[in-house]
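First comes the structure, then the notes that go with it.
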Number of protein chains: 2
Amino acid sequence: MDETAPQKGTVTQRAMEQIKAMIAEGRLEPGQRLPTERDLAVQLGLSRSSMREAIRALTVLGVLEARHGSGIYVTQLEAGDLLETFGVVADLSRGPRLVELLEVRRVLESTATALAAARISPDQLAEVEKHLTAMNTTDDPEEILAHDLAFHREIAAAAGNDTMAAILEGLSSRTFRARVWRGYEEEGAFDRTRREHAAIHRALVAHDPEAARAAAAAHVGEVEQWLRTQLGS
Amino acid sequence: MDETAPQKGTVTQRAMEQIKAMIAEGRLEPGQRLPTERDLAVQLGLSRSSMREAIRALTVLGVLEARHGSGIYVTQLEAGDLLETFGVVADLSRGPRLVELLEVRRVLESTATALAAARISPDQLAEVEKHLTAMNTTDDPEEILAHDLAFHREIAAAAGNDTMAAILEGLSSRTFRARVWRGYEEEGAFDRTRREHAAIHRALVAHDPEAARAAAAAHVGEVEQWLRTQLGS
DNA sequence: ACCAGCGGAGTGGTCCGACCACTACCGCTC
DNA sequence: GAGCGGTAGTGGTCGGACCACTCCGCTGGT
C-alpha cells in the first residue's frame, strides 16, 4: 500500500525530473530561490549526496544556478542559459560532423542575416560596423577572430530571435572556430573573408534580406567547402 | 612551486574540463571504458563524491554513459547522444520562446525536407509512406501524433545530416508537440495537416527540393502562426 | 568435453556525518 | 548614520560505509 511508487531509474534522475516538473508546472518561477540542499533532500526523500548530483546536473543544463553561500536559484530560463551546452557538441565534434555543424550554421546564419537585414536598427548597424572596421585594421589573428565573432553575434541579435542567436553562439564557440579557422586562414583566406563580410554589411545597409541571405550563405559555405576538401585528404 | 595550479572554479568543474579535454585530445576514444570512479578520483586529486558529480554532469550531457556494475564509458559521441539535452529546452520553454523554437524548426525542417527530396531512396520513401497512411487511417490522437513524429523523423534521416536530424528531434520532443498540438488540433486542423503532409509527400516522390522546401515551411509555418495568435489573446 | 548454475570480486548507486569556504545579515561601535 | 565585525546559514568538499548490479571464472553435473 506504499505510495512511494514506481522506482524508475536512479533516485538522482527521479529528483531531476521532479524539479524539472516543478518548473514546467510553474511551481518554481525563473529567478526564484529553492530550498536548501539539505531541505530538498528531505522533501524528495533522498540523501544530500544524491540531491547534489541532481542539482549539479541541472546546473550544467542551465536550468539551475548555485551561488556559494547564498542558495540555489532557478535561472531566467532564457535561450542563452539553456543552450550553453550546445558548445559542448561543437567542442567534441570531429571529422564529418564538423561539416554537418557548418551546414546547420549556414542555414541558420543565412536566415538570421536575412531577418537582420529587414529589422536592424541604426544603432545595431553602427555596432556591426564597429567590429567590421576593427577587424580590417588589425593583423592580430586573435583580435580578428574576436571581432569576427562579435560581428556575427551582433547580426544574430538584430535578427530578433534569441533562440536562434543562442544556437549560433554555440555553433561559433571559441574552440570550434579556432580549430577550423586555424587552417582556413593560413591559406590566405583573409582577403576573401573581408570581401564576404563587406558584402554582408552592404546588404544590411540596403535592408535587402535576399542579398543578405545569399551573402551569409556564401560566407559560411566557403568555409564548409574548404573543410570538405580537407577531410578528403 | 606547487604545480597543481590555478584553482579555477569548483573541483567538480575542473574534473569535467579535464575529462572533456582528454576526449577532445583523443586520449579517450568513443566507446572506451574509463577507470573506476575511485581510481579517477585519485588520479584527478579529488574525492569520489565530487568525482561522481562531474561524471553525472557529463552523463546528462551525453558525453559519458554509466553502466551499473560494469563501468563508465565514453558514448559514441554521435549527434543524437550529445543533442539529447536539446529536448530540455523545448520542455521548459513557454510563451514567446515557443514561437522562436518553431521558427528555428521551420528553417531547419524546410531545409531537411528539401535535402531529402533530392536524396531520398525508395526504401526510405516507402517508410515515409507507411507512416503517412497509418496517420490517415486512425482517429486516435496519440497514434496520429506518434506517426506524425515518425513521418518527419524519417524525412530528416533521409536528408543525410545526422546533426540536423538530432536537433529537429529535440525540437519535436513529445512533451513539446503534445503541449502545442493539443490546442492546435482541437480547432479541427486535422484536415489541413493531412493536406500539408500529402503535399510534402508529393514533393518527395517528385524529387523536387524547392517544392519540398515550400511545403515543409508552410506546414510548420501554419502551426507557428496559430501559436502567435494564441499568445496575443 | 560440455554446459548450466553458483558464487565472489569488482563496479556504480546510495547514504551518512563531518568539516571547509563563502555569503548575507544583524547588531555594535564610533 | 555609516562603517565594521561577528555569526548563522548556505553551498562545496571530503572520507567511509554499505547496497545493487554485472561479469566471469569455478564447480558440479551430464
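Keep in mind that the numbers below use all heavy atoms, side chains included, and drop hydrogens, waters and symmetry copies. Reminder, nothing fancy here: chain letters follow the sequence lines and each chain counts from 1.
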### Query
Which nucleotide in the list dC15(C), dG11(D), dG12(C) gets nearest to the side chain of Arg52(A)?
dG11(D)

### Query
Should Glu103(A) and Arg228(A) count as an ion pair when the cut-off is N to O under 4.0 Å?
yes

### Query
Can you tell me if the side-chain N/O atoms of Arg33(B) get under 4.0 Å from OP1 or OP2 in dT22(D)?
no

#### Entry: Lys/Arg-Asp/Glu bridge criterion (N-O < 4.0 Å) met for Glu127(B), Lys130(B)
yes

### Query
Side-chain donor or acceptor of Ser50(A) under 3.5 Å from a matching atom on the base of dC15(C)?
no

### Among dG15(D), dC16(C), dA17(D), the one nearest Ser47(B) by side-chain distance
dG15(D)

### Task
Report yes if at least one side-chain N or O of Thr12(B) is closer than 4.0 Å to OP1 or OP2 of dT13(D); otherwise report no.
yes

## Note on the structure
Tyr73(B) OH to dT11(C) P, in whole Å, measures 10 Å

### Query
Among dG11(D), dG15(D), dG12(C), which is the nearest nucleotide to the side chain of Ser49(B)?
dG15(D)

### Task
Would you classify Ile72(B) as touching base, sugar-phosphate or nothing, given that sugar-phosphate means primed atoms plus P, OP1 and OP2, and contacts are heavy atoms under 4.0 Å?
sugar-phosphate

### Message
Do the side chains of Arg174(A) and Glu142(A) get close enough for a salt bridge, i.e. N-O under 4.0 angstrom?
### Response
yes

### Task
Starting at atom CZ of Arg38(B), determine the distance to atom P of dT11(C), rounded to an integer number of angstrom.
8 Å

### Arg48(A) CZ to dT10(D) P, straight-line distance once rounded to whole Å
10 Å

### Task
Find which nucleotide of DNA chain C each of Gly9(A) and Asp39(B) is nearest to by heavy atoms, and output the residue with the more 5' nucleotide.
Asp39(B)

### Query
dT22(D) phosphate, OP1 or OP2: any side-chain N/O from Ser70(B) under 4.0 angstrom?
no

## Note on the structure
From CE of Met51(A) across to P of dG11(D) the rounded distance in Å is 11 Å

### Message
Quick check: closest heavy atoms across Arg94(A) and Ile23(B), and the distance to 0.1 Å?
### Response
NH2-O, 4.3 Å

### Query
Can you tell me how far P of dT11(C) sits from CG of Leu64(B), to the nearest Å?
17 Å

### Message
I'd like to know if Glu100(B) pairs up with Arg97(B) as an ion pair, taking the criterion as any Lys NZ or Arg NE/NH1/NH2 lying under 4.0 Å from an Asp or Glu carboxylate oxygen.
### Response
no

### Task
Establish whether the base of dG10(C) is bridged to the side chain of Thr36(B) by a donor-acceptor pair shorter than 3.5 Å.
no

## Note on the structure
From CZ of Arg56(A) across to C1' of dG11(D) the rounded distance in Å is 10 Å

### Task
Between dA20(D), dG11(D), dC14(D), spot the one nearest the side chain of His68(B), thanks.
dA20(D)

### Query
Whole-Å distance between dT14(C) P and Leu44(A) CG?
14 Å

### Task
Could you check how far CD of Glu37(B) sits from P of dC14(D), rounded to whole Å?
15 Å

### Task
Could you please name the option among dT14(C), dG12(D), dG15(D) that lies closest to any side-chain atom of Ala66(A)?
dG12(D)

### Task
May I ask you to decide whether Arg177(A) forms a salt bridge with Asp148(A), counting only side-chain N to carboxylate O separations under 4.0 Å?
yes

### Query
Is any N or O donor-acceptor pair between the side chain of Arg67(B) and the base of dG13(C) shorter than 3.5 Å?
no

